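Heavy atoms only: backbone and side chains are in, while hydrogens, waters and symmetry mates are out. Index from 1, following the sequence. Every value quoted in this text rests on a predicted model; they were computed, and no experiment measured them. Start at 1 and go down the list; that is how both ligands and their atoms are numbered.
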Amino acid sequence: MIVGVPRALLYYVYYPLWRRFFAELEVGCILSPPTNEAIMNAGARAVVDEACAPVKIAMGHVLALAPEVDYVLVPRFVSVEPRTYICPKLMGLPDMIRQSGQKMPPLLAPDIDMSKGYLGLARALMETSRCLEKGLWSTVRSFHHSLAEMRRIKHKLIAGLTPEEAFHGTNRRRKPGRRLRIAVLGHPYNVYDPLLSMNIVERLRAEGIDVITAEMLPLEHISLGLSQLRKKLFWSLSKMVLGAGLYFVNHAAEVDGIILLSSFGCGLESLVADLLERHARRQEFPFMQLTVDEHSGEAGLITRLEAFVETVEGRINNARNLSPHGDHELRHAGNP
Ligand code: SF4
C-alpha cells in the first residue's frame, strides 16, 4: 500500500510526523516532486480562480501523485493549538479536491483539531490508521515516535536549516560574502516552495547573506514578539509570522532587515503585512513586502531583492561611518 504526500502547504511543518507514522505502520509513503511549472499549471486549471496560489499548487501536487498511489494524504487542518485556527481554505481543501471532478485515488483526510491539545492529533492518526486497516497498538506506538521525530526536526530548524534540509538531511550551503543577516518571513508554503518563492532563501544565501526564517526561531522568541500586541491573533500561521517579525523589529541587533513574502489575495497576510510594516516604519527598520502568485516574474523579484539588499548595506555602512565605536559595538548596541 502506498500513500502519497503532496509537497505543499503544511508538508513544510508536518511531513516528519507523517513520514515516521507511516514507516512505523509499515505503509509506503512517497512525496510529490518539488513544485514545477507543470504542477502549478495543472493545479491552477483544476481549482476555482479565487483560490490562492498555495492552494492551486497543492492541487497540482495531488494530481501529480494520483497515478502512482493508493491514497493521497490531505488532512483537514482545523486547529494546531488551543484557541487558534487554520485558514478556512486549508480546512476546505479536501472538499475542494473531491469536488474538482478529477480522477484520483481516495483521500486520507482526517480532521486535525488540536484546539484541545494533542488528543486531537491522536484522534486524527487513529482515523488514518483505521482507514489503512492497522491495529490500535501499532498506532499508539507510531504516535509517540512521530512526536519524538517532530521534536528532533525542530532542533535542526533552530540550528538554521530550512525544512527541506532538515527533513532530507541535506547540508546548509554556506557561502562567504556580505556580512548581512536578513529575515525572510511568510507562511512556510510560500517561503520554501521553490517555484512560488523563486528560491528566495537560496538566492540570498548565494550572495553570502545569512537568512533566518520564523521556523528557525525558538517559540519563546515568537511569544515575546506577540506580547506587544494588544489583541490576540486567532490564526496560527499568521501568529508565527507576526511574532517573528515583531521580535526582530525590537531586537534589531539580530537581523539587518525583514522581507515578508505573501500570497496575492490572502486576507490573513494582508493584515499581518500592514501591522508589521507599521511597527517596522515606527522603528525605522528596513522592511520589504513581496507579493507572489502563479504569474509572478523572476526579473521583478531579483530587481527588488537587489535594491533592498543595497539599501540595507548602505544603511549599515552609513551607521558604521558615523559610529565612533566601530562595527562590532554598533551592532551589539542594537543598531542595525
Ligand atoms: S492563509 Fe492565505 S495563503 Fe494560506 S491558504 Fe489561506 S488564503 Fe491561502
Side-chain angles (χ1 to χ4, degrees), residues 5-15 32 35 39-63 72-81 83-100 107 109 111-115 163 184-198 200-201 213-215 222 226 229 232-245 258-277 289-296 301:
V5 180
R7 199 187 282 251
L9 299 175
L10 295 188
Y11 149 82
Y12 292 101
V13 182
Y14 291 102
Y15 176 61
S32 51
T35 309
I39 287 180
M40 166 105 89
N41 294 339
R45 278 196 300 271
V47 296
V48 290
D49 288 344
E50 290 73 23
C52 58
V55 165
K56 290 175 181 166
I57 287 175
M59 182 69 190
H61 281 273
V62 171
L63 293 173
V72 183
L73 179 74
V74 187
R76 184 192 304 281
F77 280 97
V78 177
S79 168
V80 294
E81 56 182 330
R83 291 187 294 281
T84 52
Y85 294 91
I86 292 288
C87 164
K89 285 184 187 160
L90 293 194
M91 288 187 213
L93 188 62
D95 303 318
M96 215 186 286
I97 294 172
R98 285 188 184 118
Q99 300 305 321
S100 66
L107 299 187
D111 288 358
I112 300 189
D113 181 358
M114 291 191 256
S115 54
V184 178
L185 304 180
H187 295 172
Y189 41 80
N190 287 334
V191 172
Y192 304 114
D193 185 277
L195 192 75
L196 196 57
S197 73
M198 289 172 255
I200 188 169
V201 173
T213 62
E215 290 67 36
I222 307 266
L226 289 171
L229 294 177
K232 206 171 163 292
L233 268 191
F234 294 104
W235 307 107
S236 298
L237 297 174
S238 302
K239 264 178 72 184
M240 280 289 284
V241 177
L242 190 56
I258 297 176
I259 296 174
L260 178 68
L261 196 71
S262 52
S263 294
F264 178 75
C266 173
L268 306 189
E269 284 181 320
S270 54
L271 172 85
V272 167
D274 188 61
L275 276 171
L276 194 50
E277 191 175 1
Q289 183 188 4
L290 291 172
T291 306
V292 289
D293 69 3
E294 63 271 34
H295 306 296
S296 302
L301 176 113

Practice prompt. Answer whether the closest heavy-atom distance between the side chains of M59 and I97 falls below 4.5 Å.
Written response: yes

Practice prompt. Decide, counting backbone as well as side-chain atoms, whether Y189 has an N, O or S atom less than 2.8 Å from atom 4 (Fe) of ligand 1.
Written response: yes

Practice prompt. Please confirm whether the backbone N or O of Y192 pairs with a side-chain atom of S197, one donor and one acceptor, at under 3.5 Å?
Written response: no

Fill in: Ligand-side contact atoms (ligand 1) for residue partner K89, heavy atom cut-off under 4.0 Å
7 (S)

Worksheet item: Counting from 1, what ligand 1 atoms have a heavy atom of C52 closer than 4.0 Å?
Response: 3 (S), 5 (S), 7 (S), 8 (Fe)

Discussion item. List ligand 1 atoms under 4.0 Å from S263, heavy atoms only on the residue side.
Written reply: 3 (S)

Item to complete: From the options I200, L261, D193, select the one residue that forms a side chain to side chain contact (heavy atoms under 4.5 Å, CB included) with V292.
Response: L261

Discussion item. If we only consider heavy atoms of L237, is any one of them less than 4.0 Å away from an atom in ligand 1?
Written reply: no

Worksheet entry | N, O or S of C87 under 2.8 Å from atom 2 (Fe) of ligand 1 | no

Practice prompt. Quick one: sort the Y15 and Y11 rings into parallel, tilted or perpendicular, breaks at 30° and 60°.
Written response: tilted

Worksheet entry | Closest contact, heavy atoms only, S238 versus V272 | CB-CG2, 3.5 Å

Worksheet item: What atoms of ligand 1 come within less than 4.0 Å of a heavy atom belonging to L268?
Response: 1 (S)

Worksheet item: Applying the side chain to side chain donor-acceptor pair (under 3.5 Å) test to S263, which of N190, D293, T291 qualifies?
Response: N190

Discussion item. If the cut-off is 4.0 Å to any non-hydrogen atom of C266, which atoms of ligand 1 fall inside it?
Written reply: 1 (S), 2 (Fe), 3 (S), 7 (S)

Worksheet item: Does the R7 side chain pair with the main chain of S32, one donor and one acceptor, at a distance under 3.5 Å?
Response: yes

Worksheet item: Of the backbone and side-chain N, O or S atoms of H187, does one lie nearer to atom 6 (Fe) of ligand 1 than 2.8 Å?
Response: no

